[in-house]
Amino acid sequence: PFFILHAKGDSMEDEGIEDGDILVIRQNPSPEVGELVIALDEENQNTLKKYGGKDKKTGKAILRYCNQAVYGDKQILVKTLVSQGVVSYVIKKK
């Protein structure tokens with residue numbers, strides 16, 4: 001199954017995803033490392049980030065920002081990865 005979301009914000013610009021782009025999401029509760037995922041953050045809010053696997057020290061799932069110029073190496077660590085799906089296709093805004 002697939003669903004569609006509008007991208008909001010600038011955290012994924014290095015992956016070519018900009019504010020207002022339309023994302024086609026394939027439902028997938030078990031993403032692979034490196035995939036772009038819609039996942040729940042620690043506040044149970046949906047976020048679009050690159051899945052970075054498990055942190056070796058804490059065992060938490062890593063969700064990486066992809067805008068080096070703005071966020072550097074910023075990442076989100078979540079106790080349990082709750083993935084809504086992975087980006088299958090990006091429709092660019094005009």
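Ile25 and Ile4 fall into different hydrophobic clusters, where Ile, Leu, Val, Met, Phe, Trp and Tyr side chains are chained together by heavy-atom contacts under 4.5 Å. With hydrophobic clusters built from ILVMFWY side chains whose heavy atoms lie under 4.5 angstrom apart, Ile76 does not share a cluster with Leu48. Residues Ile17 and Phe3 are members of one and the same hydrophobic cluster, defined by side-chain heavy-atom contacts under 4.5 angstrom among Ile, Leu, Val, Met, Phe, Trp and Tyr. Cluster annotation: Val90 and Met12 are assigned to the same hydrophobic cluster (Ile/Leu/Val/Met/Phe/Trp/Tyr, side-chain heavy-atom contacts under 4.5 Å, transitive). Note on Tyr89 and Ile22: same hydrophobic cluster, where clusters join Ile, Leu, Val, Met, Phe, Trp and Tyr whose side-chain heavy atoms are under 4.5 Å apart, directly or indirectly.
Note: Lys60 NZ to Thr80 OG1 = 9.5 Å, rounded to the nearest 0.5 Å. Note that NZ of Lys8 is 8.0 Å distant from CG of Asp19, once rounded to the nearest 0.5 Å. In this structure, CG on Asp21 lies 12.5 Å from CD on Glu15, to the nearest 0.5 angstrom. Distance check: His6 NE2 to Lys93 NZ gives 11.0 Å after rounding to the nearest 0.5 Å. From Ile62, atom CD1 reaches atom NZ of Lys50 across 12.5 Å, with rounding to the nearest 0.5 Å. Annotation: the span from Leu23 atom CG to Leu5 atom CG amounts to 6.5 Å, rounded to 0.5 Å.
Residues Gly52 and Arg64 share a closest heavy-atom pair of CA-NH1, 3.6 Å. Contact record, Ala61 with Tyr51: CB-CE1, 4.1 Å, taken as the closest heavy-atom pair. The two residues Phe2 and Ser88 come nearest to each other via the heavy atoms CE2-OG, 3.7 Å. Listed here is the closest heavy atom pair of Gly53 and Val33: CA-CG2, 3.7 Å. Leu40 and Leu63 make their closest contact through O-CD1, 4.3 Å (heavy atoms, listed as atom of the first residue, atom of the second, distance). Summarising the geometry of Pro31 relative to Val37, their closest heavy-atom pair is CB-CG1, 3.4 Å, with the distance given to 0.1 Å.
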CA sep, side-chain torsions, deciding dist, call: Glu18, Lys92, salt bridge (Lys or Arg N to Asp or Glu O under 4.0 Å): CA-CA 8 Å; Glu18 300 173 317; Lys92 300 300 291 174; 3.4 Å; yes

side-chain hydrogen bond (donor to acceptor under 3.5 Å, both in side chains) between Asn28 and Gln84, intermediate numbers included: CA-CA 6 Å; Asn28 181 354; Gln84 308 296 316; over 6 Å; no

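Asp73 is listed as a side-chain neighbour of Gln68, based on a closest heavy-atom distance under 4.5 Å.
Side chains of Asp14 and Tyr65: no donor on one and acceptor on the other come within 3.5 Å.
With Asp41 as reference, Thr47 is the one residue of Thr47, Leu77, Val82, Asn46 to meet the side chain to side chain contact (heavy atoms under 4.5 Å, CB included) rule.
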